[in-house]
Amino acid sequence: MKIAFAKPEQPTSGTFVVGVLEDRKFTPAAASLDKKTGGVLTRAMGASRFKGRKDDMLEILAPKGVSVARVLLIGLGKVDKLDALKLQDLGGRIVAQLNRAGESVATLPVENLPGAPLQAPEMAANIAFGARLRAYRFDKYRTREKEENKPTLRALNLMATDVAGARKAFAPLDRIADAIYVTRDLVSEPPNVIYPQSLAERCRRLTAFGIKVEILDEKQLAKLGMNALLGVGQGSANPPRVVVMRWDGAPKAKDKRPLALCGKGVTFDTGGISIKPSAGMEDMKWDMAGSGVVIGAIEALAARRAKVNAVGVVGLVENMPSGTAQRPSDIVKSLSGRTIEVLNTDAEGRLVLADVLWYTQDRFKPKAMIDLATLTGAVIVALGNEYAGIMSNNDELTERLIAAGKAVNERLWRLPLGDAYDRDIDSDVADVKNISSNRGAGSTIGGQFLNRFVNDVPWAHLDIAGVAWSKKDAPTVPKGATAFGVRLLERFVADHYEET
Ligand code: BES
Ligand code: MN
Ligand code: ZN
């Protein structure tokens, strides 16, 4: 789907999309179209339940007086509530509706509305952003798809008086959408295509944005002493990798310490010797979503030349059962020097991150460190698919992340950490064990384990197991890989870590 901005003019074909405010109050475009068609819009509204509430939609086919094939009335709701998120949702809903209708071209006038929080160029940009986010589709492996099942919408034309202004407002959002597509692609790919080596190779593409990419292979990881991470990968024919991605967008900053983003990248999680049941195991192809989000977020920052020093570090492994796999009760010496008793090989994400977090804080001395991981099924029990869990050793960092999440509709809910939980992972034979002796608080236990490897750096852990993949369409997130976290992190950086 192509998005274009142009000066206002009457469309002569395709769908004409016009907005109507709450209580059937016409926008200027709707009013003029109603006049031109001899009141068709008014009559159609009167014959339907369309009230102009947000989410209301009404399709009018082949109206008299104009040559367009269709008019789509879209409810805008209350004008003062028409913020960026609402407009993005609107853009997403329009795309979905036009694809359902089989339309290929649509035109949408965007004009200043008295009382609206945003000016027309920003409104147009946000509608376009939402449209792009919803138009995502992972279809590279469908070679025989029926025409009637394919999306039809090829062009969305947004008409604004200030074309240059709209384009300028859209440019950074367009780049963020590109980065979200990258993440969604990586997370959607099957595990025979995306495994540690191939995922690391994909990271090299980021060099095109001015990002420095460094790939550590298993020999280098062994030399460093990342035995916790290596232990997870030792049962697989696909050897582990760690990738470091550096975006130095603020080389002259007074404080050059970077913001660090760390990702769990288990390209497939069978559970290892503590093997998972076969039903649903296919979901574990997206157990690398944390790393996919880190890759996308670093690209998003570089693509819009964010004035921030950021480093992304992803730990890539495949967790397989085999004759070389690690056993429950194995003890590994992690990079930090702490020994870990591995009592359950399916609690592998924390083992990977233990070494990645330690490495990151030790090498980069970051201002703050944020990890993203599909770490526990327990976070789905607690929060379902609406919120990701956040656990942190720092209140300010937590508040900033929660606020950024609110602003982009990627919501976070804080779960506790504390000494009482920490005692549950004391091992009888090693420094720490990778599961608790008690049932319950599974996500917190995961966070508590990670906490032992952050060396008191301000740190937050985002457990995205419930939000990385979606089984149903949402306005700006089609079902499948969501890329939850890319927008949040981009916003978090823009709000707090960028020099102006
Ligand atoms: N990758 C899983 C967590 C997961 C489960 C993500 C469902 C997405 C959907 C993780 O590696 C895992 O297996 N965690 C275990 C931990 C347990 C053994 C302490 C879990 O949640 O059962
Ligand atoms: Mn697991
Ligand atoms: Zn896992």
Side-chain angles (χ1 to χ4, degrees), residues 187-188 191 194-196 199 228-229 231-236 238 240 262-293 314-321 325-330 340-356 371-389 391 415 421 424-425 427 432-450 461-471 480-482 484-485:
V187 176
S188 303
I194 286 290
Y195 42 91
L199 183 47
L229 181 148
V232 175
Q234 78 186 31
S236 171
N238 295 311
C262 299
K264 168 178 173 181
V266 177
T267 60
F268 195 76
D269 180 14
T270 64
I273 296 297
S274 312
I275 198 161
K276 288 181 182 295
S278 54
M281 200 196 274
E282 64 276 12
D283 284 352
M284 289 302 109
K285 78 166 182 182
W286 47 264
D287 209 20
M288 40 58 70
S291 65
V293 170
V314 293
L316 313 177
V317 297
E318 185 178 59
N319 188 20
M320 297 291 270
Q326 71 179 341
R327 295 140 292 245
S329 77
D330 276 5
I340 305 170
E341 184 188 14
V342 179
L343 287 175
N344 188 320
T345 64
D346 197 12
E348 85 297 341
R350 63 198 71 181
L351 298 171
V352 172
L353 284 174
D355 280 346
V356 167
D371 78 73
L372 295 99
T374 48
L375 206 74
T376 65
V379 82
I380 311 175
V381 176
L383 305 174
N385 309 108
E386 303 302 324
Y387 283 75
M391 285 142 268
L415 299 172
Y421 297 111
D424 291 346
I425 52 171
S427 162
V432 61
K433 58 188 180 189
N434 77 330
I435 55 169
S436 163
S437 14
N438 297 306
R439 279 203 275 157
S443 301
T444 284
I445 293 297
Q448 210 66 60
F449 182 92
L450 299 180
H461 157 58
L462 273 50
D463 192 334
I464 58 170
V467 295
W469 191 269
S470 167
K471 292 202 163 76
T482 62
F484 182 110

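For the numbers below, each heavy atom of this structure counts, side chains included, while hydrogens, waters and symmetry mates do not. Atoms within a ligand are numbered from 1 in the order they appear, just like the ligands themselves.
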Can you report which non-hydrogen protein atom sits closest to [atom], along with the distance?
{"atom": "atom 10 (C) of ligand 1", "answer": "L375 O, 3.3 Å"}
{"atom": "atom 20 (C) of ligand 1", "answer": "G377 N, 3.9 Å"}
{"atom": "atom 18 (C) of ligand 1", "answer": "N344 ND2, 3.5 Å"}
{"atom": "atom 15 (C) of ligand 1", "answer": "D346 O, 4.0 Å"}
{"atom": "atom 16 (C) of ligand 1", "answer": "R350 NH2, 3.9 Å"}
{"atom": "atom 19 (C) of ligand 1", "answer": "I435 CG2, 3.7 Å"}

When you measure from the side chain of [X] to the backbone of [Y], do you find a donor-acceptor pair of N or O atoms at a distance under 3.5 Å?
{"X": "K264", "Y": "T374", "result": "yes"}
{"X": "D424", "Y": "S437", "result": "no"}
{"X": "S329", "Y": "L343", "result": "no"}
{"X": "S470", "Y": "T482", "result": "no"}

So I445 and R350, side-chain contact (heavy atoms from CB on, under 4.5 Å) or not? Walk me through it.
CA-CA 10 Å; I445 293 297; R350 63 198 71 181; 4.1 Å; yes
Tell me the angle that OE2 of E348 and OD2 of D287 form around the Zn ion (ligand 3), rounded to 10°.
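Rounded to 10°, it measures 100°.
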Rounded to 10°, how big is the angle at the Zn ion (ligand 3) from D269 OD2 to K264 NZ?
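An angle of 170° at the metal.
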Part of [X] within contact of ligand 1 (heavy atoms, under 4.0 Å):
{"X": "I445", "result": "neither"}
{"X": "D269", "result": "side chain"}
{"X": "M288", "result": "neither"}

Is at least one protein non-hydrogen atom found at under 4.0 angstrom from atom 22 (O) of ligand 1?
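No, there is no protein heavy atom closer to it than 4.0 Å.
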With heavy atoms of E348 as the reference, note each atom of ligand 1 found under 4.0 Å away.
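Counting atoms of ligand 1 from 1, those under 4.0 Å from E348 are 11 (O).
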Find all atoms of ligand 1 within a distance of less than 4.0 Å from any non-hydrogen atom belonging to W286, and give their numbers and elements.
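Checking each atom against W286, I get 8 (C), 9 (C).
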Will you find, in the side chains of D463 and T376, an N or O donor that is under 3.5 Å from an N or O acceptor?
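Result is yes, a qualifying pair exists.
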Atom pair CD1/NZ of I194 and K285 - distance to nearest 0.5 Å:
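Taking CD1 in I194 and NZ in K285, the distance rounds to 10.5 Å.
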Nearest 0.5 Å please: distance from the CZ atom of F268 over to the CE atom of M284.
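CE of M284 is found 8.0 Å from CZ of F268.
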Quick check for you: within a radius under 2.8 Å, how many protein N, O or S atoms neighbour the Mn ion (ligand 2)?
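Count of protein N, O, S atoms less than 2.8 Å from the Mn ion (ligand 2): 4.
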Would one find an N or O of M284, backbone or side chain, under 3.5 Å from an N or O of ligand 1?
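No; the residue has no nitrogen or oxygen that sits under 3.5 Å from a nitrogen or oxygen of the ligand.
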